[in-house]
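Below: the structure, in structure tokens.
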Amino acid sequence: MTATEGSRALLDLIEHYYDAVPRREARVEDHGPLTLFVREGVGWPFYARPASGWSGPVRADDVARVRDRQRELGIPESFEWVAETTPAFRAAVEEAGLTVHEHPLMVLGTDVAPVAPEGAPGHPAVRVLGADDPVLPSALVVPHLAFAEPGTRVGAADTADLAEAVLARTGDGSLESGAARVRAGLTVIAAAVEGGTALCAGQHNQVGEVSEIVGIGTLPAARRRGLALAVTAVLIADARSRGVKTVFLSAGDEDVARIYARLGFRRVGTALIAEPAG
């Protein structure tokens, strides 16, 4: 197999994962060249994407029909795919009026040795959380605060804001849903814990021998301490212990990609996310 063939095989493997992972928790709607995943119950909403195995064209009208259906269902008008495997899809999406965001798609080298998660003395403990761990609620919520203040600079949201956000989500079903996903083995969540609170958390979601690391988020006030790398290292170790051979992720931007490269991730493509402007 040539290097080009190997890269394409890897991207096809990731494409299969993107199609497979939502099927565990979503209703699947067939819209010709596109597949729409509609989450059943509480949790992160899913997306639409090119249908697996579709070889014909995808037009702006196809995208518009799925957007109409997403609005009808009251779910985000979101599309996700790999640029290199469906290169013509971007033009259809943009013609339909959506904005496309690019994210470096990175895979961990199979020969990369696990990185110890411990940092300097006093570094928060990093561990995998069980469904009944009292830290789990803050681990489920902290990425939301992180994504609300994007970037890598130290931000404003602190532990008091996190406690308030956890309280606000108590009773809406999201915390119970997250715990249920952990209990069912659908996701593994790790967190950097200090004072009984998750300062950084993320997860990996395994499908066979492939797992994606997602949702790595550090409390803005706790940034620049190496917590995201430490959490990622623990997730990598856990994934490998479960027989995962391909570990991948989508970095937020090029700066974040350079951070993950320090753990042995290498760029293999570009993950694209399309959504309405603003």
Side-chain angles (χ1 to χ4, degrees), residues 11-90 92-94 96-103 105 140 143-144 147 172-174 176-189 202-216 246 248-250 269-276:
L11 291 175
D12 286 345
L13 187 67
I14 292 172
E15 281 279 16
H16 175 74
Y17 175 94
Y18 281 145
D19 180 78
V21 72
R23 294 176 183 271
R24 304 182 300 181
E25 302 176 79
R27 184 175 75 253
V28 181
E29 293 190 3
D30 179 8
H31 293 270
L34 299 172
T35 299
L36 174 61
F37 299 104
V38 184
R39 178 178 285 280
E40 303 284 10
V42 179
W44 290 98
F46 286 119
Y47 41 78
R49 67 183 325 278
S52 179
W54 181 268
S55 58
V58 184
R59 300 181 174 87
D61 288 347
D62 299 315
V63 177
R65 281 192 291 272
V66 173
R67 291 185 67 188
D68 288 342
R69 178 58 174 160
Q70 289 170 321
R71 286 193 293 270
E72 178 185 346
L73 294 169
I75 60 178
E77 298 170 52
S78 176
F79 295 75
E80 298 187 13
W81 73 103
V82 177
E84 290 76 9
T85 57
T86 319
F89 186 47
R90 179 168 187 162
V93 165
E94 292 179 330
L98 295 174
T99 298
V100 177
H101 306 280
E102 299 184 358
H103 301 277
L105 184 62
L140 291 169
H144 292 274
F147 301 151
D172 70 359
S174 60
E176 292 81 0
S177 174
R181 295 184 75 252
V182 172
R183 189 173 291 110
L186 295 176
T187 191
V188 174
I189 296 178
Q203 57 188 271
H204 80 84
N205 303 309
Q206 180 179 358
V207 177
E209 296 182 342
V210 182
S211 194
E212 181 183 19
I213 293 178
V214 297
I216 300 289
T246 302
F248 77 100
L249 54 80
S250 297
T270 304
L272 298 180
I273 299 176
E275 58 191 6

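Side-chain atoms are counted along with the backbone in the values below, which use heavy atoms only and exclude waters and symmetry mates.
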Intermediate values then yes/no, side-chain hydrogen bond (donor to acceptor under 3.5 Å, both in side chains), Glu29 and His31: CA-CA 6 Å; Glu29 293 190 3; His31 293 270; 3.0 Å; yes
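- With contacts defined as side-chain heavy-atom distances shorter than 4.5 Å, the pair Leu105/Phe248 qualifies.
- In this structure the side chain of Phe89 never reaches within 4.5 angstrom of the side chain of Leu272, judged on heavy atoms.
- In terms of modelled atom types and a separation under 3.5 Å, the side chain of Arg39 and the main chain of Glu25 share no donor-acceptor contact.
- Taking 4.5 Å as the limit, some side-chain heavy atom of Leu98 sits within range of a side-chain heavy atom of Pro276.
- In plain terms, the two heavy atoms of Val207 and Ala20 that are nearest each other are CG1-CB, 4.2 Å.
- Between Ser174 and Asp172, the shortest heavy-atom distance links the atoms OG-OD1, 2.7 Å.
- Taking a 6.0 Å sphere around CZ of Arg69, one finds it holds more than 12 heavy atoms contributed by other residues, nucleotides or ligands.
- Residues Glu77 and Arg67 are paired through a salt bridge, judged by an N-O separation under 4.0 Å between the basic side chain and the carboxylate.
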Run the side chain to side chain contact (heavy atoms under 4.5 Å, CB included) test on His103 and His101 for me, step by step, so that the C-alpha distance in whole Å, both residues' side-chain angles and the decisive distance to 0.1 Å come before the verdict. CA-CA 7 Å; His103 301 277; His101 306 280; 3.8 Å; yes
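- Side-chain atoms of Glu84 come within 3.5 Å of backbone N or O of Thr270 as a donor-acceptor pair.
- For an aromatic pair to be called close, the ring centres must be under 6.0 Å apart, and Tyr18 with Phe37 fails this.
- Checked by atom type, the side-chain pair Thr187/Asn205 shows a donor-acceptor distance below 3.5 Å.
- Side chains of Thr86 and Glu15 form a contact here, defined as non-hydrogen atoms less than 4.5 Å apart.
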Gln70 and Tyr47: CA distance, side-chain angles, deciding distance, side chain to side chain contact (heavy atoms under 4.5 Å, CB included) verdict: CA-CA 9 Å; Gln70 289 170 321; Tyr47 41 78; 5.9 Å; no
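- Scanning all heavy atoms of the two residues, the minimum distance from Ala26 to Phe46 falls at CB-CD1, 3.6 Å.
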Under the side chain to side chain contact (heavy atoms under 4.5 Å, CB included) rule, what do Ile273 and Val100 come out as? Steps first, then yes or no, please. CA-CA 6 Å; Ile273 299 176; Val100 177; over 6 Å; no
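- Applying the side chain to side chain donor-acceptor pair (under 3.5 Å) test to Glu176 and every residue at least two apart in sequence or in another chain returns nothing.
- Electrostatic pairing of Asp61 and Arg65 does not count as a salt bridge here, judged by no charged N lying under 4.0 Å from a carboxylate O.
- Rounding to the nearest 0.5 Å gives a distance of 11.0 Å between CD1 of Ile213 and OG of Ser250.
- Look at Arg71 and Asp68 and you find a salt bridge, because one of the NZ, NE, NH1 or NH2 atoms lies within 4.0 Å of a carboxylate O, short of that distance.
- When side chains are defined from C-beta on, Thr246 counts as touching Leu13, because their heavy atoms get closer than 4.5 Å.
- For the pair Ile75/Leu36, a side-chain contact is recorded, criterion being any heavy-atom separation below 4.5 Å from C-beta on.
- Within the model, atoms OH of Tyr17 and OG of Ser211 stand 5.0 Å from one another, a figure rounded to the nearest 0.5 Å.
- Summarising the geometry of Asp62 relative to Pro57, their closest heavy-atom pair is OD2-O, 4.4 Å, with the distance given to 0.1 Å.
- The shortest side-chain heavy-atom distance between Val93 and Trp81 falls under the 4.5 Å cut-off.
- Gln206 is not listed as a side-chain neighbour of Glu212, based on a closest heavy-atom distance of 4.5 Å or more.
- By the 6.0 Å contact criterion, NE2 on His16 is open, its count of non-hydrogen atoms from other residues, nucleotides or ligands being 12 or less.
- For Leu140 against Ala179, the heavy-atom pair with the smallest separation is CD1-N, 4.3 Å.
- Put simply, CZ on Arg49 and CG on Leu34 are 10.0 Å apart, with the number rounded to the nearest 0.5 Å.
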